[in-house]
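For this chain, numbers begin at 1 and follow the sequence in order.
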Amino acid sequence: MSAPAPSRLEHLMARDAQAIAGVERLRFFPLAAIAGRGELLVEPGGRELLDLSASWTAAGFGYGNPAIAEAIAAAAATAPGASILSGTHPDAVALAEELLELVPARAPEQPRRVYLGHAGTDANDVALRGCRHATGRPGVLAFEHGYHGGFGAAQGVSGVHVAAGASADPDVVFLPYPDRFRPHTGDAAMVVDDVLERAAAALSRGRIAAVIVEPLQSDGGLIVPPDGFLAGLRALCDEHGSYLIVDEVKVGLGRTGRTHAFEHAGIVPDVVTLGKALGGGVPLSAAIGPADVLDEPTASALMTTIGNPISCAAGRAVLALVRDGAATRNADERGTQLRALLAQYAASGRPGAERVGDVRGLGLSIGVELVVGAGDDAPDAVLTAKAAYRAWELGAVAFPVRGNVLELTPALTISAEAIDRAATILTRAIDDAAAGAVSDEQIAAFQGW
């Protein structure tokens, strides 16, 4: 008897393994899709998956969003060029103007500019190089387990990559990111004071051009910093003449229930970087900051298709959705709903409930930290990998970050009914994984981070 023919999913995954470079594969289960709509992905064969990642937030307003799709189609049909390097076009200028209006100015009397790029990586790279040029200082203060990009200067100040073996920027200083659940001081009440003391010591040496920080540390474990952290950094940057870069690439544009995540801290950064959801699924990023940072040296950040009409049209459609405010309000409401359902599960006594060490987040940026359990809060990365795999088997997509945290970042347009379904799938997945429903062999091929 011959072996059964591979399924459509298996066939596509096999082709992927033979054709796609391993350096850009970050896989946790055999995920392949042939279509998407809203918060759903459709597998080969027709099974629907509830995507609780929104492609790492890049599809923040849902797959196939009509307003974004119409803007892309119109721009593609009559594109006025493909770049802003040596000419301009209306959508690029308008997008930059709208970003200047949307992002508050630290010093309204000073001129600001917008860099338009392809991804958070190049936006952060340009912001860092601009701050170094403007100040004449080499240093950057960043945070352990932070993520600011996949190559160049942005990778060199990303604690996630450096911890995994990438070369650190020669002038970066890494500090702990304040985590109330796993305080590096041993006392959650002391984490902010300790980090700010270390930051003050580093800044006082007069070598730091910029502090770059995530308002929520996403890939580092979905850490919501305690009150006073960002405000303290803002004050220290003012005192020592350093720029404050807030990386909103993953958590901006309504995801936390506010237009900007830094609003929760009541601060205004010098430079804000955006990406992922800004393009509505196509490559687009932005750095918004002082002209002193983003104007010089002239022609020092060149990629041919930056500011292309298709990406700019998508970005303008996204900003219209942000200004409307409905998705931001929904993120706040649905995030409250999902956190409450997960917290209820953690206190339920169900088979996997004791394995939930913490549920945290703002809006629809939520982390579920899984632990050994039975009074032991040690991280359990294997259980987390198995819970993510089991969730996929049950019909949902959720990715692990920092080993033992399930990151939940669905489309900001997700419905209350879909949130109920998400909680049902996730809690069963944790129960099943804790009970041994997923083997080591099943996850062995999916190395993730």
Side-chain angles (χ1 to χ4, degrees), residues 7-13 15-16 19-20 24-76 118-120 249-250 253-255 275-285 310-311 313-318 320-322 326-327 330-331 334-335 338 363-366 388-389 391-400 406-426 429 446:
S7 69
R8 295 179 185 177
L9 173 63
E10 291 170 332
H11 180 63
L12 183 55
M13 292 300 298
R15 290 170 57 199
D16 171 89
I20 301 297
E24 59 183 346
R25 290 204 304 253
L26 179 65
R27 306 294 172 79
F28 302 94
F29 35 80
L31 175 62
I34 58 172
R37 59 181 180 276
E39 65 269 14
L40 299 175
L41 290 172
V42 183
E43 287 183 329
R47 186 173 77 124
E48 292 185 345
L49 297 171
L50 179 58
D51 185 3
L52 303 178
S53 78
S55 291
W56 295 103
T57 75
F61 295 87
Y63 300 112
N65 184 290
I68 299 171
E70 290 169 10
I72 290 171
H118 288 323
V249 170
K250 200 167 180 181
L253 301 176
R255 176 151 296 280
K276 298 191 187 294
L278 178 62
V282 300
L284 181 64
S285 66
I310 295 171
S311 292
R316 294 193 67 196
V318 165
L321 294 170
V322 173
N330 191 65
R334 300 287 74 77
L338 182 54
L364 283 173
S365 192
I366 296 171
Y389 191 98
W392 167 77
E393 289 185 320
L394 296 170
V397 173
F399 297 134
L406 290 173
E407 181 185 73
L408 309 176
T409 56
L412 307 189
T413 52
I414 194 170
S415 68
E417 293 75 17
I419 289 293
D420 284 340
R421 181 182 165 210
T424 297
I425 292 174
L426 288 169
F446 304 98

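Among residues two or more places apart in sequence or in another chain, the side chain to side chain donor-acceptor pair (under 3.5 Å) test is passed with T57 by none. When the salt bridge (charged side-chain N to carboxylate O under 4.0 Å, His left out) test is applied to D420, no partner is found at least two apart in sequence or on another chain. By the side chain to side chain contact (heavy atoms under 4.5 Å, CB included) test, A75 pairs with I310, A313, sequence neighbours left out. Looking at residues two or more places apart in sequence or on another chain, you find a side chain to side chain contact (heavy atoms under 4.5 Å, CB included) between L278 and L99, L253, L274, L284, A286, L319.
The closest side-chain heavy-atom distance from L26 to F399 is not below 4.5 Å. At a threshold of 4.5 Å between non-hydrogen side-chain atoms, the residues D16 and R27 count as touching. Annotation: side chain of M13 is in contact with side chain of L9 (closest heavy-atom distance under 4.5 Å).
The closest donor-acceptor contact from the side chain of S53 to the backbone of A398 lies at 3.5 Å or more, if one exists at all.
Pairs passing the salt bridge (charged side-chain N to carboxylate O under 4.0 Å, His left out) check and including a residue from residues 406-417, sequence neighbours excluded, read K250-E407.
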Result block: side-chain N/O donor-acceptor pairs under 3.5 angstrom for residues 59-69, not counting sequence neighbours:
{"from": "Y63", "atom 1": "OH", "to": "D51", "atom 2": "OD2", "distance (Å)": "2.5"}
{"from": "Y63", "atom 1": "OH", "to": "S55", "atom 2": "N", "distance (Å)": "3.3"}
{"from": "Y63", "atom 1": "OH", "to": "S55", "atom 2": "OG", "distance (Å)": "2.8"}
{"from": "N65", "atom 1": "OD1", "to": "A67", "atom 2": "N", "distance (Å)": "3.1"}
{"from": "N65", "atom 1": "OD1", "to": "I68", "atom 2": "N", "distance (Å)": "3.4"}
{"from": "N65", "atom 1": "ND2", "to": "F61", "atom 2": "O", "distance (Å)": "3.0"}

N/O donor-acceptor pairs under 3.5 Å from side chains in residues 32-50, not counting sequence neighbours:
{"from": "R37", "atom 1": "NH2", "to": "E48", "atom 2": "OE2", "distance (Å)": "2.1"}
{"from": "E43", "atom 1": "OE1", "to": "R47", "atom 2": "NE", "distance (Å)": "2.9"}
{"from": "E43", "atom 1": "OE2", "to": "R47", "atom 2": "NH2", "distance (Å)": "3.3"}
{"from": "E43", "atom 1": "OE2", "to": "W392", "atom 2": "NE1", "distance (Å)": "3.0"}
{"from": "R47", "atom 1": "NH1", "to": "W392", "atom 2": "O", "distance (Å)": "3.2"}
{"from": "R47", "atom 1": "NH1", "to": "E393", "atom 2": "O", "distance (Å)": "3.0"}
{"from": "R47", "atom 1": "NH2", "to": "W392", "atom 2": "O", "distance (Å)": "2.9"}

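In this structure, L412 CG and N330 CG are separated by 8.0 Å, a value rounded to the nearest 0.5 Å. One distance of note links CD1 of I366 with CG of L426; it measures 10.0 Å at 0.5 Å rounding.
Other residues, nucleotides and ligands place more than 12 heavy atoms under 6.0 Å from the CZ atom of R25.
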Exercise. Applying side-chain contact (heavy atoms from CB on, under 4.5 Å), run through L52 and L406 and close with a yes or a no.
Key: CA-CA 10 Å; L52 303 178; L406 290 173; over 6 Å; no

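Taking the six-membered ring where the residue is Trp, Y389 and F446 present tilted rings, their angle falling between 30° and 60°.
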